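First up is the structure itself, then whatever we jot down about it.
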Amino acid sequence: MVELLSPAGNFISLRAVLENGADATYFGLDDFNMRANAKNFSLNDLSEVSKIAKEYSAKTYLCSNVVLNEDRAMELKNNLGEIAASEIDGIILSDIGLIEEVVGNGLEAHISVQENISNSFILKTLKKLGAKRAILSRELSLEDIKKTVKNSPIETEVFIHGAMCMAISGRCFLSSGLYGRSANCGDCLQPCRKNWTMTFEEDNNDSVINLSEVNDESFVISKSYDDSYRTNFFSPKDMMMIEHIPELIEAGIDSFKIEGRARSPDYGAMVTDVYRQAIDKYYECPKEYKINPQWIEELKSVFNRGFDTGFYFNTPFETSENNQSKFIKKDIGQVVNYFNKVKVAELKIWDDLAIGDEILIQGKTTGSIKHKIDSMQINGENVENVEKGNNVGVAISTKVREHDFVYKLVKR
């Protein structure tokens with residue numbers, strides 16, 4: 001069965017994706033990964049990460065997919081013994097020079113998408129160096145992937161959901177050039193997501209020819225109130241391959257990867273759950289497999305910039321907008337206690353709450369739980385509404401913990 005690989009930016013996200021069916025999880029270490037703006041983990045956290053994952057029989061992969069100068073490479077090399085002692089399974093590398101060191105410490109070496117791996121000849125070379133897996137280039141079509149996987153001597157992995165980068169396999173210099181914050185060293189400020197203003201100068205000698213196959217290019221440029229022209233042409237839509245699970249599985253890929261280590265725990269929980277359902281449903285009966293329309297609606301309910309299928313079937317051309325989720329997440333309270341016998345959570349709230357509201361409860365051990373309020377009590381009396389500043393008992397069958405965060409989902 002194909003592996004479902006989900007992101008974890010912190011302990012809450014880790015528990016959330018594992019509770020929702022991830023076969024494996026990948027995560028960053030401070031200073032050595034492409035999501036420096038995520039909370040990440042320290043060396044001292046790795047043993048606990050490994051221990052939690054083993055509770056779910058899940059594998060663990062540490063990201064070290066940044067450009068390593070001499071000092072950083074030496075620091076990572078010197079930490080490999082401690083990393084291996086934590087009993088994580090492998091390291092995702094963008095620097096093939098450390099494959100031998102990683103394997104020598106008993107860890108699996110997975111080669112990052114940053115290496116832009118686009119054919120089986122590269123995979124055969126990586127095999128000789130000791131790599132166990134490679135993440136294939138995002139720029140490959142599904143047909144290219146099928147041919148490459150067929151001839152691959154090592155495991156292959158592809159991204160199936162999440163943000164797409166404007167640059168080839170994520171090698172971008174925009175953030176570094178504008179702000180001195182290097183994307184390739186994990187510190188991208190994502191200026192590509194901003195709303196850009198475009199100007200141009202008329203020149204009688206210019207001969208502007210549209211070579212695009214797209215006739216209507218109005219999706220790229222919009223006229224603003226001040227007669228300037230604005231565009232998000234640097235920022236592609238998010239990838240979503242939920243409608244193409246059969247084709248991906250039949251291509252022989254070993255691991256399906258969800259992007260999003262910098263995103264919220266509820267995002268990881270929801271996306272993991274949807275793809276878990278789809279994969280399991282396919283394996284149950286491939287010939288009768290059908291997409292569940294509800295899956296798409298659920299994916300739209302968490303942060304997204306609109307959806308596309310990336311390079312799998314064509315060249316993505318539609319640009320993204322801001323978050324298109326139908327809900328915003330509002331911080332409204334905290335768990336005070338949970339009563340196991342009656343399955344009731346006591347919440348301290350600092351915003352109004354009512355029967356029918358949907359909430360998220362998130363915590364390091366709890367992960368991320370979505371719950372619709374159908375029963376509330378104050379001092380043993382049933383109530384329909386609760387004003388801010390009160391403690392309220394909420395019936396919820398899933399155990400939550402003291403100090404867990406409580407959010408209300410509010411429609412936009």
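Everything numeric here is computed off the predicted structure, so don't read it as measured data.
Nearest heavy atom pair, residue Leu248 against residue Ile253, reads O-CD1, 3.7 Å. A pairwise comparison of heavy atoms in Pro7 and Val17 identifies O-CG1, 3.5 Å as the closest pair. Closest non-hydrogen pair, Ile242 versus Ile291, comes out as O-CD1, 3.5 Å. Listed here is the closest heavy atom pair of Ala354 and Asn385: CB-OD1, 3.1 Å. Heavy atoms only, all atoms of each residue included: Gly367 and Ile12 are closest at O-CG2, 3.4 Å.
When atom types are taken as modelled, the side chain of Lys370 and the backbone of Ile361 share no donor-acceptor pair closer than 3.5 angstrom. Side chain of Glu358 to backbone of Leu409: no donor-acceptor contact under 3.5 angstrom is found. At distances below 3.5 Å, at least one donor-acceptor pair connects side-chain atoms of Asp95 with backbone N or O atoms of Gly97. Remark: side-chain polar atoms of Asp23 are paired, donor with acceptor, to backbone N or O of Leu4 under 3.5 angstrom. Remark: side-chain polar atoms of Asn105 are not paired, donor with acceptor, to backbone N or O of Leu107 under 3.5 angstrom. The closest donor-acceptor contact from the side chain of Thr366 to the backbone of Gln362 lies at 3.5 Å or more, if one exists at all. Using modelled atom types, one side-chain atom of Tyr338 and one backbone atom of Ile396 make a donor-acceptor pair closer than 3.5 Å. Checked by atom type and distance alone, the side chain of Ser368 never pairs as donor or acceptor with a backbone atom of Ala269 at under 3.5 Å. Gln334 places a side-chain N or O within donor-acceptor distance of the main-chain N or O of His403, the cut-off being under 3.5 Å. Side-chain N or O atoms of His371 include one that pairs as donor or acceptor with a backbone N or O of Ala395 at under 3.5 Å.
For Lys257 and Tyr26, the positive end sits near the middle of the six-membered ring, less than 6.0 Å away and at most 45° from its axis. Phe159 carries Arg138 over the face of its six-membered ring, with the cationic atom under 6.0 Å from the centre and within 45° of the normal. Taking the ring axis of Phe11 as reference, the NZ or CZ atom of Lys364 stays within 45° of it and closer than 6.0 Å to the ring centre.
Atom OH of Tyr282 sits about 10.5 Å away from atom CD1 of Ile245, to the nearest 0.5 Å. The CD1 atom of Ile91 sits 8.5 Å away from the CG atom of Leu98 when rounded to the nearest 0.5 Å. If you take CZ on Arg263 and CZ on Arg261, they are separated by 13.0 Å, rounding to the nearest 0.5 Å. Interatomic distance, Ser86 OG to Asn79 CG, rounded to the nearest 0.5 Å: 11.0 Å. In this structure, CD1 on Ile83 lies 6.0 Å from CG on Leu29, to the nearest 0.5 angstrom. Note that CD1 of Ile349 and CG of Asp331 are 12.0 Å apart. Values are rounded to the nearest 0.5 Å.
Within 6.0 Å of the CD atom in Gln294, the count of heavy atoms belonging to other residues, nucleotides or ligands exceeds 12. Within a 6.0 Å sphere centred on CG of Asn379, other residues, nucleotides and ligands contribute 12 heavy atoms or fewer. Within a 6.0 Å sphere centred on NZ of Lys388, other residues, nucleotides and ligands contribute 12 heavy atoms or fewer. Remark: Glu250 CD is packed, more than 12 non-hydrogen atoms of other residues, nucleotides or ligands lying under 6.0 Å away. Counting non-hydrogen atoms of other residues, nucleotides and ligands closer than 6.0 Å to CD of Glu297 gives a total above 12. Within 6.0 Å of CD on Glu55 lie more than 12 heavy atoms contributed by other residues, nucleotides or ligands. Counting heavy atoms of neighbouring residues, nucleotides and ligands inside a 6.0 Å radius, atom NZ of Lys146 exceeds 12 of them. When the shell of 6.0 Å around NZ of Lys124 is examined, it contains more than 12 heavy atoms from other residues, nucleotides or ligands.
The residue from Asn20, Thr25, Thr272 that alone fulfils the side-chain hydrogen bond (donor to acceptor under 3.5 Å, both in side chains) condition with Ser6 is Thr272.
Put simply, the side chain of Glu243 does not reach to within 4.5 Å of the side chain of Trp295, judged on heavy atoms. Side chains of Asn116 and Ile122 form no contact here, defined as non-hydrogen atoms less than 4.5 Å apart. Within the 4.5 Å cutoff, the side chain of Ile111 has heavy atoms near those of the Ile99 side chain. No side-chain heavy atom of Glu3 sits under 4.5 Å from any side-chain heavy atom of Phe256. Considering only heavy atoms from C-beta on, Val394 stays 4.5 Å or farther from Val344 through its side chain. No side-chain heavy atom of Gln377 sits less than 4.5 Å from a side-chain heavy atom of Val392.
Phe41 and Phe27 have perpendicular rings, their planes meeting at more than 60° on a 0 to 90° scale where under 30° would count as parallel.
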Under the salt bridge (Lys or Arg N to Asp or Glu O under 4.0 Å) criterion, do Asp254 and Arg133 qualify, and how do the steps go? CA-CA 9 Å; Asp254 295 287; Arg133 179 186 295 182; over 6 Å; no
May I have the step-by-step check of salt bridge (Lys or Arg N to Asp or Glu O under 4.0 Å) for Lys127 and Glu155, ending in yes or no? CA-CA 10 Å; Lys127 168 73 172 177; Glu155 293 179 3; over 6 Å; no
Give the C-alpha distance, both sets of side-chain angles, the deciding distance and a yes or no for salt bridge (Lys or Arg N to Asp or Glu O under 4.0 Å) between Glu48 and Lys51. CA-CA 5 Å; Glu48 186 174 358; Lys51 180 181 178 182; over 6 Å; no
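A donor-acceptor contact closer than 3.5 angstrom is absent between the side chains of Asn119 and Thr148. Donor-acceptor pairing under 3.5 Å is recorded for the side chains of Tyr275 and His161. Looking at Tyr56 and Glu19, their side chains do bring a donor and an acceptor atom within 3.5 Å of each other. In this model, no donor atom of one side chain and acceptor atom of the other lie less than 3.5 Å apart for Ser141 and Glu143. Looking only at atom types and distance, the side chain of Gln277 has a donor-acceptor partner in the side chain of Asp273 under 3.5 Å away. Side-chain contact, Gln114 with Ser94: no donor N or O sits under 3.5 Å from an acceptor N or O.
In this structure, Tyr61 has its ring center under 6.0 Å from that of His110.
The pair Asp266-Lys329 counts as a salt bridge, with a side-chain nitrogen and a carboxylate oxygen less than 4.0 angstrom apart.
For the salt bridge (charged side-chain N to carboxylate O under 4.0 Å, His left out) test, residues two or more places apart in sequence or in another chain that qualify with Asp280 are Arg276.
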